[in-house]
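Some notes on the structure that comes next.
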Amino acid sequence: MSTGVITRERTAIPPDQIVRYTFRERLCHWINALAYSYDMLTGLALFTPHLYWLAAVFGGGPTIRFWHPWIGLIFTVTIFWMHALWRGDMTHTARDREWTKNVKYYVQNRDEMMPAQERFNAGQKQFYWILFWGAIVLLLTGIIMWLPERMPLGLRWVLRLATIIHSAAALITIGAIIIHIYMGLWMTPGSLKAMIEGHVSKQWARAHHRLWFERVTGVKPGSR
């Protein structure tokens, strides 16, 4: 393949680099990340009195109560946008199951012991699906919580159940996000830079996602 791939119109990358994320993918990711961050922080403020001080940072209780669900809708829209962009890359394969069985080597930073991966490794796929299904649960339960006064008295238990499920789903996604950030910043240096600039070195691509590297560059498997 040609090395003069563009990440944005009239923006060529150096010949020793390879496109990791298109401009559209990065735009989607960062809108999603900002929306999630706002809802996570304001949600924590609404979740416990110990963190209610966060409400003051974002304009006070009534303000975050108004904006929290609307920003949540933005988060959900970008999740489905992301799904349209990446669903083909997020299918689990036998190689992913092998990766999961050997995840201890990944944690130990012994990449040479891990099976070669496609564009996303099994851990990234697992995070993606946690966030995708978590977003759907948050949306459905959030709609119920958004307008509590519309809930008939005989169905108040549904509102209480939705609140519990919403909180649980939020905590699960927060845990996944913490792991995602840790892995991106410290376990796989260069991942954040790739999501900002859109490209990585061919050496990085080959080291972390060899099957993807060979596919997009046309390099034959096992060649140097």
Side-chain angles (χ1 to χ4, degrees), residues 21 24-52 54-55 57-58 61-93 96-97 99-100 103 119-184 191 195:
Y21 302 108
R24 183 181 298 178
E25 289 173 323
R26 286 178 284 136
L27 179 64
C28 177
H29 174 273
W30 289 116
I31 294 175
N32 179 268
L34 289 173
Y36 182 87
S37 297
Y38 178 89
D39 265 14
M40 177 185 69
L41 295 173
T42 55
L44 288 172
L46 295 169
F47 177 71
T48 171
H50 299 292
L51 293 175
Y52 192 72
L54 288 168
V57 177
F58 294 97
T63 299
I64 66 171
R65 173 65 182 83
F66 175 82
W67 284 110
H68 182 88
W70 287 108
I71 301 299
L73 290 179
I74 295 175
F75 166 71
T76 305
V77 168
T78 55
I79 280 289
F80 284 106
W81 181 14
M82 197 178 294
H83 190 64
L85 293 171
W86 287 344
R87 65 177 179 270
D89 295 311
M90 295 298 175
T91 302
H92 281 278
T93 65
D96 292 324
R97 290 189 286 273
W99 187 96
T100 302
V103 69
R119 189 182 185 194
F120 299 106
N121 63 40
Q124 291 170 309
K125 292 178 181 180
Q126 291 163 10
F127 166 74
Y128 172 85
W129 288 113
I130 289 173
L131 208 63
F132 178 79
W133 291 113
I136 293 176
V137 173
L138 290 169
L139 172 66
L140 296 177
T141 55
I143 290 174
I144 296 173
M145 297 167 61
W146 195 347
L147 302 169
E149 65 278 2
R150 301 289 183 89
M151 183 66 63
L153 290 176
L155 293 177
R156 286 290 175 175
W157 64 270
V158 175
L159 178 60
R160 290 192 291 271
L161 180 61
T163 302
I164 293 172
I165 295 175
H166 191 86
S167 300
L171 292 174
I172 290 171
T173 59
I174 289 172
I177 286 288
I178 291 172
I179 295 173
H180 178 64
I181 294 173
Y182 172 76
M183 300 301 283
S191 297
M195 188 52 77

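The analysis underlying the following values was restricted to heavy atoms, covering all of them including side chains, and did not include hydrogens, waters or symmetry mates. In this chain, residues are counted from 1 in sequence order. None of the values given here were measured: they were computed from a predicted structure.
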Stepwise, does the side chain to side chain contact (heavy atoms under 4.5 Å, CB included) test hold for L27 with I31?
-> CA-CA 6 Å; L27 179 64; I31 294 175; 3.9 Å; yes
Apply side chain to side chain contact (heavy atoms under 4.5 Å, CB included) to the pair I64 and L54, showing each step before the final yes or no.
-> CA-CA 10 Å; I64 66 171; L54 288 168; over 6 Å; no
After noting the C-alpha distance and the side-chain angles of I177 and L131, does the key distance pass the side chain to side chain contact (heavy atoms under 4.5 Å, CB included) rule?
-> CA-CA 8 Å; I177 286 288; L131 208 63; 4.3 Å; yes
Determine, step by step, whether W67 and F58 satisfy the side chain to side chain contact (heavy atoms under 4.5 Å, CB included) criterion, reporting the C-alpha distance in whole Å, the side-chain angles of both residues, the deciding distance to 0.1 Å, and the verdict.
-> CA-CA 10 Å; W67 284 110; F58 294 97; over 6 Å; no
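Across all their heavy atoms, G61 and A55 have their closest contact at N-CB, 4.1 Å. Closest non-hydrogen pair, H68 versus T42, comes out as ND1-OG1, 2.8 Å. Shown here for A135 and F75, the closest heavy-atom pair between the two residues is CB-CE2, 3.6 Å. Across all non-hydrogen atoms, the minimal contact from A122 to W99 is CB-CE3, 3.4 Å.
Separation of the H29 and W81 ring centroids does not fall under the 6.0 Å cut-off. For W86 and F120, the distance between ring centers is under 6.0 angstrom.
By the 6.0 Å contact criterion, CH2 on W30 is enclosed, its count of non-hydrogen atoms from other residues, nucleotides or ligands being greater than 12. More than 12 heavy atoms of other residues, nucleotides or ligands lie within 6.0 Å of CH2 in W146, so this atom counts as buried by the packing criterion. Dense packing is recorded around CH2 of W129, with more than 12 heavy atoms of other residues, nucleotides or ligands lying under 6.0 Å away.
To the nearest 0.5 Å, atoms CZ (F80) and CG (L85) are separated by 13.5 Å. One finds the CD1 atom of I178 at 10.0 Å from the OG1 atom of T173 (value rounded to the nearest 0.5 Å). Between the CD1 atom of I130 and the CD1 atom of I172 there is a distance of 8.0 Å, given to the nearest 0.5 Å. Taken from CG in N121 to CD in Q126, the straight-line distance is 8.5 Å, to the nearest 0.5 Å. Annotation: the span from L51 atom CG to L44 atom CG amounts to 5.5 Å, rounded to 0.5 Å. Residue M82 holds its CE atom at 14.0 Å from CZ of R87, rounded to the nearest 0.5 Å.
Between I136 and T76, the closest side-chain pair of non-hydrogen atoms is not below 4.5 Å.
With R119 contributing its side chain and M90 its backbone, the two residues share no donor-acceptor pair below 3.5 Å. Of the possible donor and acceptor atoms, one in the side chain of D39 sits under 3.5 Å from a partner among the backbone N and O of G72.
Screening D89, T91, D96 against K125 for a side-chain contact (heavy atoms from CB on, under 4.5 Å) leaves a single residue, D96. Among T163, L159, L161, L155, the single residue meeting the side-chain contact (heavy atoms from CB on, under 4.5 Å) criterion with I144 is L159.
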